[in-house]
Structures are given as C-alpha cells and as structure tokens.
There are 2 protein chains.
Amino acid sequence: MAVHPIDARKERILHAIIDDYIQTAMPVGSRTISRKYETSLSSATIRNEMSDLEELGYLAQPHVSAGRVPSVKAYRLYVDDLLEDQPPRPDARAREFFSRRVRQMEDVFTTAAQAISEFTRYTAVVMMPKQTELRVSTLQLVPMPRGAALLVIVTDTGAIRDTVIRVSENLDGDALYAISRTLTEHLAGRTLQEVQEMLGAYSRQMGGDAQVLQGIADLAAQMERQSATDTLTVGGSHNILNYPEYSDVEKARAFLSALEEKEKLMALLAENRRPFAVRIGPETGLPEMADCSVVTASYQVGVDHHGAVGVIGPTRMPYGQVLSALSAVGQVLTEMLGE
Amino acid sequence: MAVHPIDARKERILHAIIDDYIQTAMPVGSRTISRKYETSLSSATIRNEMSDLEELGYLAQPHVSAGRVPSVKAYRLYVDDLLEDQPPRPDARAREFFSRRVRQMEDVFTTAAQAISEFTRYTAVVMMPKQTELRVSTLQLVPMPRGAALLVIVTDTGAIRDTVIRVSENLDGDALYAISRTLTEHLAGRTLQEVQEMLGAYSRQMGGDAQVLQGIADLAAQMERQSATDTLTVGGSHNILNYPEYSDVEKARAFLSALEEKEKLMALLAENRRPFAVRIGPETGLPEMADCSVVTASYQVGVDHHGAVGVIGPTRMPYGQVLSALSAVGQVLTEMLGE
DNA sequence: TGTTAGCACTCTCACTCGTTGAGTGCTAAC
DNA sequence: GTTAGCACTCAACGAGTGAGAGTGCTAACA
C-alpha cells in the first residue's frame, strides 16, 4: 500500500506524539496517545497509524519495544505549520526586561541574550550585525584627573566608543575642547579607515600632540575591527544542564565547547534574512549540534541591516513558545536600535 | 601509643598522598606510594604510617578496602606549608593577557576572570571593591546625530560612565559644551549623592533643560548604586565539568546555581584582607560548596582599598599553581588600577 | 473497509549474585 | 623498626533473570 498522502488524522496523531515527546523526552507509546489525546481511538488503531507514519519517515523507534520518537522530518512538518500562523505579538514582559539596565550598545545585546534565556530556559544567542563604512560624527576629549583624558568617538550611526589616553597635564577642559573641535572639523564625515590614514599623513597640521593622535588612531582601528565583523553574544549557556538529553556530562561539555566557537554559530545565524528560521538537528550543518535545534528570528536595525536572535536547545523543544519569545525580544531590539 | 607529633617521614608520606590524589582523584593505596614516591619503603611500612595518619585525622577511607583520601585537616596542613613560602613572582603571561583588550574599568575585571580561569582551568571570581564617596570630576555632553547627546560623567577616581540622552535638535557642539562647562562648574567636587539632591533643588538656575538634568540625575543614581556595592565577576564557570567530581550533572548544576548567588560568594571573598586565603570544603561556610575549595588572593587598589581574585574548584586542587596564578593576576590588577 | 481485542514476541530496565582485584590489617620473622 | 605473607573486606563488573512496556500481527466485528 503506497501511503503517500498524510491525512488529517495522521497529522493529529503525529502532532500529539510530538507534543508529548516535547514534554516528557520519552518515547511515546500508542497507549499514551489513545488515552491522553485521541480518546476515541483504541491503541491498536493508533498503532496502525504509527506504523504508517514510521514508514513515511515521520517516526522512529529507538528499539522495537519502545515507543516512537519524532524524526527530523516530523519536526520539520510541525515547525512549518507553526511558522505559518506565527502571531507577531509584542510582549510587554520583554520590553520591561530591558527597561532596567541598558547603558550602552553592548549592554543591549547581553540584556537581550539574558532575556531570551530567562524566558525560554534555553541557551540564547544574539548576533549584532556588522556595520561597514562607519563615519565619524563627533570626536571629543573629556578631561579626567591626573593628566588623563577620555577620548570619545561617536559615529553617524550612534555607535560610541571611548578610551582613556594620557595628555599633557596643563591642558584644561577648554583646551581639550578646542582640540576636540579642530579634530572633529577635520575628521567628521570620514570613515574609520580614512581617519587612520589621515592621522598618519597630516598629523602635524591638526595641532594635536602625538599621544592624542595615536590614541585616536588606536581607537579608530579598534572600532573598525569590532564593527567590521559580526559579533555574537551568548547567554544562559548552562541552561542545557536542565534537560535530560544532556545528563551525560561529556555531551554537555561538548555542547559548551561548541558554543565557544563563535564563528560557526555566527554562520548559522547570519545566513538567514527571513523573519524566522528553524534548523533541526542535522540541518544545522554542525556535527556538534547534531541533536540540537537552532531557532532564529531576525530583527531589523535601521533600514537595511539585519541582526538575529536565537535559541539553541535539544531538538525536542516547545517551538511555539520559543518563537514567540524570540519574536518579542527581536521587536524590542529593533525598537531600541532604531532610534 | 599516643602518636601526637607528626614526624618528617609521616609528613612526606602525607604530602605524597595529597599530590597523588590531586592528580588522579582516586583513593591512594599504600602500594602506589611505595612505588612512586617512597621507593625505599615497602608498602607494609607505608600502611603502618597511613594507619597512624588516619588515626590523627589526616586521612580517611571511603570504605575499608579502598585507598586513603586526604581529609580537610590534611589539605589544611598542606596549604599552610604552601602559604609560608609563596614566591610573589609576577608573571609575564598574565600581563600579556591583559595587553590585548582592556578598554574600560569593567573590562579589566572580566579580563582578569578570563585570565585566571584560563591559567588554572577552574572557575574564577574577581571582586571589585566598592567605592564610597565618589566625587564628580567632569561632566560633559558629546553631540550625537539626530538630537541625541552622550552624557559622560568622570569621577575623581577615574571611573567613567555614560548614557545617551535626548536634547533639543538645535543645540550644536558649542552649545553643548557651554552647558557642560556650567554643569561641571556647579557639580565638580560633589559626591554622586549630592549631585542627585542638587538637581532636584536648583534645576532652573543651571540653565540646562529638564531632559538633560533628568539624564544626569539618572546616571548619577545608577553610578552610585553600582559603585556603592562590591561587584563580582565570574569567569570560566563551566570549567568544573572537566573534573570527575562533577561528572554527576546534578552536582554540576547545583554548583553553577550556587555561582549565581553572588552575595554569598562575595562574602567569601570580602572577609579577607590577607594576601592569600584558602578555604577548604566546610570552611567556606556554604553548604553548596561543601566539597569545594575557595582560594583567594587580595590585591590593592589605591591606598586603602582591597579587591580579591579567587578560584573555586574541588578540594583536590593544585594549590601551589593556583596560588601563583592568582598572585600574578592580582599584581597586574594592582598595577593597572593604580594609575 | 476501518476498528478493535487478544496474544505472542522483543527489548530495556532494575535487580541479584558470583567473581575479580585492589587494598587493608595483622602477625610473625628478620 | 621494617618487611613478607596471608586472610579479609568491599566496590566494581558481568552474567543471568523477571517484570513491564510496547509492538506487530491476526482474527473478529461493525
């Protein structure tokens, strides 16, 4: 019997199996379904359907006398269903979470990672998109005690970076401001790249002393390095210990080590511009993540930049909840970074 | 036979047992000692000595036919020996570690935590001492695109904090600087506390607009909160998974949860002003840490402030190495924060 | 034709029970 | 004081066993 189509009842049963497995992490038996979900059908009937579903590749048996476990294909179906009617509801809780403590650009991302990992109880990742062609908007020296000054660079996108440099002790606030003005005049509108080049060439003309100029060059270089690559923040990494899939320490360690390899993770988050993406087990492409799922949502920054927030956890995962948590946090991020 | 004194040979043997146990995490048998450490003595002799040491409370047997395991008392002896001749050698590696990436105050501490956890392969904690009576040194508004400004507060100790606030769009750099000057004039030398109070009272006189003043008040309040309490940075928390003591996931999770309770940890680090301290198992006073040791070193900040760096791991720990790593990082911290 | 009851079968899990090996304590001899 | 030898103990390992969960298949029923 060539059972190609999967009818409504099969789908209901499959759904029930997945739901139960997500809850319990144990292979699901026909009896369980007949009792808890499809009370009008006997276990024998369910068995027949399960057998079909297995043949179709939606279920697998760890061993012959165990219940069934959903396959990647089953999760795929389940998730695709879910993605169709994903309500983009903004969440007050997410917004409230941020209101507490966000000081600087970087804080936004760590806070986001914390929020997601707290809401979902999984490991959260937040990607901050790279920004090319950052242009200097303002450059200012703020006096500090004992012959130091804080050099602040603000870019047109509102990114801020600062560093402490040494300056001659007899420069007071006004003098530093005068220097700041000159510097801003010369350098505003330039890319970080250009700033570095110019500092080599014209250093004398601008009247700054060598230490200041060196400080600017260093900071510009650093900013460029940091902004030219995507950066990744991970939160709640040891949440996995909560899940029986990782009750083996070796596995947990492997997982945690994999998290350290930010480049690979980044690739996972970056390759996606759709609002939501779910990569299940082998679909991640990373052997270390073979029994994990990676759920990501992208958020917008400005007009054409996309970042991503995501959750990494066992394939058995309440995808619906995770998706809405990600969506909520993503929206807050877009709002916060939009300004 | 009242065997009260512990002679040189007993001490050598005890040392050997501890060393071996630190390496292997397995109960040490008499044969092992006789072969690897005291080759001139037979296992039977060692057995006799071990039996004495057990009676003296230095050794314990998990069960009758297992080898011996050092007791807390043994570690205590071992560590006290170690502490006597601790060479305070500064370590080039530690300094080099910092040279890479330290931008701001906070970075110093996370870097320190990373350095320690990388050197020792244990969980590292770094305490940053609270600073009371911070006084404002400079207060400056740096123009940003689109009606925003970066408010920077610098204190007399060189702590820097900033926040983005909204300002009227028609204030240019010079106008902002003028405001900054006035503000600095009024507020320099005041404590953060006073700044908050003054902003309530005199707000009109200073000619700033309400948003600016509110921003300052908020930031001052935040700075005060942050600096008035000790803060703790934890690094390498999942290093414990490397040790067989924590091959049980439940234990590992308990440990990681305990790390979240920063107040309790802080108490451990704070109560010590001596250059080094080792608290072994129950000595920590925390039931969650009953089979951990906490090794701490204090470092100096300025004239009279003390911070602490520390390592938390299983009682079986290469104390010597840990102490010198801590000492090295502590010294670098003192240097860096001394400026 | 779809559903169900019944039954034989399979496989894991938990438990028991020898066996093995590491390690001790004690005694007697050197 | 040191050592060899021996009896003893106990955890760890493996094999064997029974219970329980779950399946597939067949036959009967609506």
Original post:
In terms of side-chain heavy atoms of A:Ser51, which of D:dG24, C:dT4, C:dC11 is nearest?
Top reply: D:dG24
Original post:
Atom CG of A:Asp52 to atom P of C:dT3: distance rounded to whole Å?
Top reply: 11 Å
**OP:** To the nearest Å, give me how far apart NZ (B:Lys36) and P (C:dG23) are.
**Re:** 11 Å
Original post:
Between atom CG of B:Leu14 and atom CG of B:Leu77, what is the distance when rounded to the nearest 0.5 Å?
Top reply: 6.0 Å
**OP:** Would you mind telling me which residue lines up with the more 5' stretch of DNA chain C, B:Gly29 or A:Arg9, judged by nearest nucleotide?
**Re:** A:Arg9
**OP:** May I have the distance from A:Asp7 (atom CG) to C:dT1 (atom P), rounded to whole angstrom?
**Re:** 16 Å
Original post:
Roughly, in whole Å, what's the span from CD1 in B:Ile33 to C1' in C:dG23?
Top reply: 13 Å
Original post:
Any idea which of C:dT3, D:dT3, C:dG25 is nearest the A:Thr45 side chain?
Top reply: C:dT3
Original post:
Contact class for A:Ser34 (heavy atom, under 4.0 Å): base, sugar-phosphate, or nothing?
Top reply: nothing
**OP:** Please determine if A:Glu38 and A:Arg9 form a salt bridge, counting it only when a charged side-chain N lies under 4.0 Å from a carboxylate O.
**Re:** no
Subject >> Exercise: identify the closest heavy-atom pair between B:Met127 and B:Met266 >> reply: SD-CG, 4.1 Å
Original post:
Do A:Arg47 and C:dG6 share a donor-acceptor pair, side chain to base, under 3.5 Å?
Top reply: yes
**OP:** Indicate whether OP1 or OP2 belonging to D:dG24 is found under 4.0 Å from a side-chain N or O atom of A:Arg68.
**Re:** yes
Subject >> Nearest heavy-atom neighbours spanning B:Val329 and B:Ala112 >> reply: CG1-CB, 4.0 Å
Original post:
Taking atom C1' of C:dT24 as reference, at what distance in whole Å does atom CD of B:Glu54 sit?
Top reply: 10 Å
Subject >> Per B:Gln61 side chain, nearest of listed nucleotides D:dT23, C:dG25, C:dA5 >> reply: C:dG25
Original post:
So what does B:Thr32 touch, heavy atoms closer than 4.0 Å: a base, only the sugar-phosphate, or nothing?
Top reply: nothing
Subject >> Nearest atoms (heavy-atom pairs only) where A:Gln61 meets A:Gly67 >> reply: CG-O, 3.7 Å
Original post:
Of all the nucleotides listed (C:dT24, D:dT3, D:dC10), which has the minimum atom distance to the side chain of B:His63?
Top reply: D:dC10
**OP:** Report which part of the nucleic acid B:Ser43 touches: base, sugar-phosphate, or nothing (heavy-atom distance under 4.0 Å, all strands).
**Re:** nothing
Original post:
Touch check for B:Ala66, heavy atoms < 4.0 angstrom, all strands: base, sugar-phosphate only, or nothing?
Top reply: sugar-phosphate
Original post:
Could you state the CD1-P distance from B:Ile46 to D:dA4, rounded to the nearest angstrom?
Top reply: 12 Å
Original post:
To the nearest angstrom, how far is B:Asn48 atom CG from D:dG5 atom C1'?
Top reply: 14 Å
Original post:
With both distances under 3.5 angstrom, what nucleotide forms a Watson-Crick or G-U wobble pair with C:dC30?
Top reply: D:dG1
Original post:
Of the candidate nucleotides D:dT23, D:dT3, C:dG25, which contains the atom at the shortest distance from the side chain of A:Ser30?
Top reply: D:dT23
Original post:
From the list D:dT23, C:dC11, C:dT4, which nucleotide is the closest neighbour of the side chain of A:Ser65?
Top reply: C:dC11
Subject >> Which nucleotide in C:dT4, C:dT10, C:dG25 has an atom nearest any side-chain atom of A:Val64 >> reply: C:dT10
Original post:
Under 6.0 Å from the six-membered ring centre of B:Tyr37 and within 45° of its axis: does the NZ or CZ of B:Arg12 meet both?
Top reply: no
Original post:
Between C:dT24 atom P and B:Leu59 atom CG, what is the distance in whole Å?
Top reply: 10 Å
